[in-house]
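These numbers were taken from a predicted model, which means no experiment stands behind them. These values consider heavy atoms only, across backbone and side chains, with no hydrogens, waters or symmetry-generated copies.
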Amino acid sequence: MLTLRGAFQRLVAHPTNRSLFALAILVTTLCAVFMTGSRAGSVLTLIVLLVAFLAYFRREFAHWKAIVAVGAIGSLVATGLMLTVGGNVGHRFSIQGFSDEGRWPVYRTTMQIAHDFPELGTGLGSFVAIFQAYRPGDISISGTWNRAHDVLLEIASETGVFVAGGVLAWYLAIVVLLIWAILRRPTRDPLPISAALAVWLLAGLHSLVDFSLQIPGYALTAAAIVGTGLAQALAQPSASSHVRRSAANPDRGTA
């Protein structure tokens, strides 16, 4: 497993072609995220990158003070990136703040729909039609709201609160499983599990303020990465792992 010192040497002291290529991909991807102008997408991407960093190098941040220090440094770096590269994002923050004009009325209306049809909802795929009957007067009459911009609320309005509660419980169970695998499976390769946790957090949190998981290309990519991490988290230790652990702890093997 790559250590923090080894990563520093590969990037700064003795950079390799592979590490420089990976860094170039990271910078390009971050620039693309900032160019979208998405406020939640940009902020959450920086947060989950910090989560992935801490998860991958978890052994080197055993003390809470180290985690706090890395979090503070990461926050400063994220703020610097937002100010220097994320011009579109900063511009939207300065003009619109943290929310669009009509988004909160749409959230309240969607919750009202879920309240009126709590058991079975209005039917899968019926949001566009049913929203017109509930459309509030404090949003613009132009255009059509075909998404609630909150996947969980839209599920609750279309299929009922019980199905929405099950989806939320399933999401949280995967989060717990991935965190458990990172903390309790030291023999596992941390890369796929750390990436899965970061992508799963990003997809779930961003879907609470937008419809990213309702975009097929995004959802399929996220599912592939998370599925790979779950496979690593749930896989049984191989025979070679038992042999290595027995060789490292001979007393335990003869107990």
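The environment of CD1 in Ile25 is crowded: more than 12 heavy-atom neighbours from other residues, nucleotides or ligands sit within 6.0 Å.
Leu197 is not listed as a side-chain neighbour of Trp200, based on a closest heavy-atom distance of 4.5 Å or more. Contact check for Asp150 versus Val106: no side-chain heavy atoms found under the 4.5 Å cut-off. The closest side-chain heavy-atom distance from Arg135 to Thr109 is not below 4.5 Å. Side chains of Leu205 and Val48 form no contact here, defined as non-hydrogen atoms less than 4.5 Å apart. Within the 4.5 Å cutoff, side-chain heavy atoms of Thr122 are placed close to those of Ile113. Side-chain contact between Tyr134 and Asp116: present, with at least one pair of heavy atoms (C-beta onward) separated by less than 4.5 Å.
Here the closest heavy-atom approach between residue Ser126 and residue Gly123 is recorded as OG-O, 2.5 Å. Listed here is the closest heavy atom pair of Gly204 and Ser207: O-OG, 2.7 Å. Minimum heavy-atom separation, Thr45 to Leu30: CG2-CD2, 4.1 Å. The minimum heavy-atom distance between Glu154 and Phe127, with the atom names listed, is OE2-CB, 4.1 Å. Summarising the geometry of Ser42 relative to Val33, their closest heavy-atom pair is OG-O, 3.7 Å, with the distance given to 0.1 Å. Of all the heavy atoms in Glu119 and Phe162, the pair that sits closest is O-CD1, 3.9 Å.
When the side chains of ILVMFWY residues are joined at heavy-atom separations under 4.5 Å, either directly or via intervening members, Ile155 and Val161 end up in two distinct hydrophobic clusters. Residues Ile193 and Val176 do not share a hydrophobic cluster, clusters being chains of Ile/Leu/Val/Met/Phe/Trp/Tyr side chains in contact below 4.5 Å. Residues Leu213 and Val128 are members of separate hydrophobic clusters, defined by side-chain heavy-atom contacts under 4.5 angstrom among Ile, Leu, Val, Met, Phe, Trp and Tyr. In terms of hydrophobic clustering, with Ile, Leu, Val, Met, Phe, Trp and Tyr side chains grouped at heavy-atom distances under 4.5 Å, Leu183 and Val226 are assigned to a common cluster. Hydrophobic clustering (ILVMFWY, side-chain heavy atoms < 4.5 Å, transitive): Leu120 and Ile130 are in distinct clusters.
In this structure a side-chain-to-backbone donor-acceptor pair under 3.5 Å is missing from Glu158 to Gly121. In terms of modelled atom types and a separation under 3.5 Å, the side chain of Tyr218 and the main chain of Phe211 share no donor-acceptor contact. Tyr107 places a side-chain N or O within 3.5 Å of a backbone atom of His149 that can act as its donor or acceptor partner.
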(message) Using side-chain contact (heavy atoms from CB on, under 4.5 Å), reason through Leu26 and Leu49 one step at a time and then give a plain yes or no.
(response) CA-CA 10 Å; Leu26 174 63; Leu49 279 175; 4.3 Å; yes

(message) side-chain contact (heavy atoms from CB on, under 4.5 Å) for Leu177 and Leu234? Distances and angles first, verdict last.
(response) CA-CA 9 Å; Leu177 176 60; Leu234 295 173; 3.7 Å; yes

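Distance check: Ile182 CD1 to Leu54 CG gives 10.0 Å after rounding to the nearest 0.5 Å. The distance from the CG atom of Leu50 to the CD1 atom of Ile47 is 8.5 Å, given to the nearest 0.5 Å. Atom OG1 of residue Thr28 and atom CG of residue Leu23 lie 9.0 Å apart, to the nearest 0.5 angstrom.
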